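Worksheet: the structure to be examined is printed underneath.
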Amino acid sequence: MSPEMIRLLAGATGETLLMVAISAGLGTLFGLPLGVFLATSGKGELFAAPWANRVLGVVVNATRSTPFIILVVAIIPFTRLIAGTSIGTNAAIVPLTVASTPFIARLIEGAIREVDQGLIEAARAFGASPLQIVLKVLIPEALPGIVLGLTLAVVSLIGFSAMVGAVGGGGLGDLGIRYGYQRFMPEMMLAVVVVLIVLVQALQSLGDILARHLNKRIRHA
Amino acid sequence: MVDIENELRHCCTAESDALMNAPLGYLNDTALQRLVPAEAIVRLESVSKVYPGRHGAPVSALDGIDLAVPQGSVLGVIGRSGAGKSTLIRLVNGLEKPTSGRVIVDGADISALPERALRHARRSIGMIFQHFNLLSSRTAAENVALPLEVAGYDKAAITARVDELLSLVGLADKRNRYPSELSGGQKQRVGIARALATKPKVLLSDEATSALDPETTRSILDLLSRINAELGLTVLLITHEMAVIRSIAKEVAVIDAGRIVEKGDVFDVFTRPQHPVTRSFLADETGRALPPYVADRLRPEAAPGTQAVVRIGFRGPHATDPVLARLARDLNIETNILAGSVDEIAGRPCGTLVIGVPEASLEKTLTFLKHYGLDTEVLGHVA
Ligand SMILES: Nc1ncnc2c1ncn2[C@@H]1O[C@H](COP(=O)(O)OP(=O)(O)OP(=O)(O)O)[C@@H](O)[C@H]1O
Ligand SMILES: [Mg+2]
């Protein structure tokens with residue numbers, strides 16, 4: 001590979017990581033409270049609000065069932081509004097965040113629902129408020145599951161970010177399409193794929209290690 | 001080991017002695033009330049609880065419960081699965097609201113408190129659970145600290161209190177262990193320490209020993225007894241095991257299908273059970289179950305060549321031998337001992353003896369035994 005190619009590859013990797021990091025961060029920022037709310041607002045639960053729960057559930061499902069590439073196109077006006085443009089790395093962050101928020105919310109909801117109901121019962125019994133139960137019981141107990149969920153979300157975002165590349169979003173996907181496909185440079189295509197594989201592997205391992213470290217439910221040797 | 005003689009002397013205060021030696025009729029309500037201190041820290045007044053049935057008819061879990069738990073006492077509630085025990089105990093700390101009736105704890109009407117005041121009131125009502133319900137992500141010390149953090153104590157106060165509590169339950173050396181690194185008994189000790197963190201006046205125990213082996217159960221019950229005695233904490237515990245009640249409670253209420261069917265002093269209820277449910281709970285207790293070789297041959301009617309099987313209940317410090325010896329000497333009636341045991345309930349000795357009596361002498365024998373104030377029951381006849 002030429003130094004020029006390596007430079008391009010490094011730049012694109014940086015762009016991808018930036019897009020994924022920012023959209024995962026924003027997705028978590030919005031998805032965490034949303035997930036907590038979804039997990040605790042059912043009938044008879046801590047913040048019982050069955051109607052709001054149902055409405056949000058439908059919105060989340062609708063967003064998640066829209067194919068990502070259609071979502072990207074569908075929200076272009078919104079993307080322009082936020083990022084000022086609809087092409088480039090910054091613009092790509094908008095649809096990535098929109099797509100990852102409901103995904104992360106569902107993953108966090110799932111992790112929180114795994115927490116033993118007995119712990120909520122115990123916390124209520126010693127006088128904890130619903131908010132204290134969320135902050136001091138549910139989130140800490142669900143943390144290993146949340147970390148695994150976020151790892152899954154980040155890995156999916158890497159895939160999605162490659163897809164926004166196809167519509168001028170920058171990053172590794174963009175590089176792969178422009179050089180590997182349009183200019184027919186198979187070695188560039190291969191390099192992009194290898195970098196993506198390495199990224200996904202590394203992030204997944206990191207997430208697994210972190211989750212295992214946080215999980216005190218099993219005895220460590 | 002228990003020093004029996006000392007134990008006997010200990011239990012024979014004038015009052016308990018009078019009760020023990022009294023004929024059946026004496027054991028009326030006024031006599032019981034006299035033994036019970038008047039103030040009740042927990043009081044349920046005609047409490048009923050109906051759950052809206054998920055599918056179909058509503059479930060009536062409790063129906064007209066009246067129950068008073070005297071300050072400083074240990075009251076056990078026993079009942080079969082589904083009897084309404086958990087519902088009852090969850091009413092006391094307001095985890096459940098009664099459909100009708102009132103729940104008074106330490107002068108406050110728990111059933112009517114707004115949410116915020118209720119949370120505050122719960123700090124003076126500790127609770128322990130069958131499955132411990134400890135946070136797996138927190139160490140023993142951090143679990144005990146949690147109610148204190150929630151109550152807004154400062155760091156230094158929390159550290160001091162946690163150390164004190166872990167020492168109390170004998171886990172000072174396990175403070176940095178996670179629940180997954182502790183045995184069941186140790187987890188329940190952490191649960192107890194956590195329940196005591198905010199210095200409650202009442203401790204609720206929902207089947208706290210049901211997941212533990214007999215030896216560990218013993219040690220946990222001993223700890224609860226000690227806490228009751230040393231801290232003056234009132235304990236309300238529910239269980240489906242008679243053994244738990246007899247080793248710790250002073251008073252017992254038997255609950256069946258949402259109603260209290262029998263209640264009173266543990267010793268009285270155990271030695272003179274009135275309700276069939278109570279009897280069925282006692283059936284497995286040592287000394288009450290007939291040995292198979294007798295049970296298998298037992299029949300309801302007397303026949304030529306049979307002898308009557310009589311159970312004698314000894315309550316309190318009656319020597320067993322002189323009664324049978326006197327029976328032989330005074331009435332010239334010879335009996336066979338078929339089964340028997342001497343035991344201790346709520347710290348007072350009691351015994352059961354199952355004897356075979358010649359049919360012809362049955363009436364005389366029963367009259368004789370009753371004369372000595374002993375409980376008798378004809379169980380049947382064996383060849
Ligand atoms: N949340 C609920 N919704 C509907 N029915 C309930 C609910 N909780 C309890 N019940 C019903 O109320 C009755 C009493 O239940 P409860 O849990 O108090 O019994 P229990 O004596 O504690 O039984 P166990 O020994 O099995 O724990 C049962 O018939 C049960 O099915
Ligand atoms: Mg129960």
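Proteins get letters first, then strands, A, B, ... in listed order; numbering begins at 1 in each. Remember, it's a predicted structure, so these values are computed and weren't measured experimentally.
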Inspect the contact between B:Asp206 and B:Arg90 and indicate whether a charged nitrogen and a carboxylate oxygen are less than 4.0 angstrom apart. no
Counting heavy-atom pairs under 4.5 Å with chain A, which one of B:Ser136, B:Gly94, B:Ala121, B:Ala151 comes out on top? B:Ser136
Determine whether a donor-acceptor pair (N or O, by modelled atom type, separation under 3.5 Å) exists between the side chain of A:Asn53 and the backbone of A:Leu38. yes
Toward chain B, the part of A:Gln132 with a non-hydrogen atom under 4.5 Å: side chain
Is a side-chain donor or acceptor of A:Arg106 paired with a backbone partner of A:Gly57 at a separation under 3.5 angstrom? yes
Examine whether an atom of B:Leu204 lies under 4.5 Å from a heavy atom of chain A, and if so say whether it belongs to the side chain, the backbone or both; otherwise answer neither. neither
Can you say whether B:Leu134 sits under 4.5 Å from chain A via the side chain, the backbone, both, or neither, judging by heavy atoms? backbone
Where on B:Arg116 is there a heavy atom nearer than 4.5 Å to chain A: the side chain, the backbone, both, or neither? neither
When you look at CZ of B:Arg177, are more than 12 heavy atoms from neighbouring residues, nucleotides or ligands closer to it than 6.0 Å? no
Can you establish whether the number of heavy atoms outside A:Glu114 located under 6.0 Å from its atom CD is more than 12? no
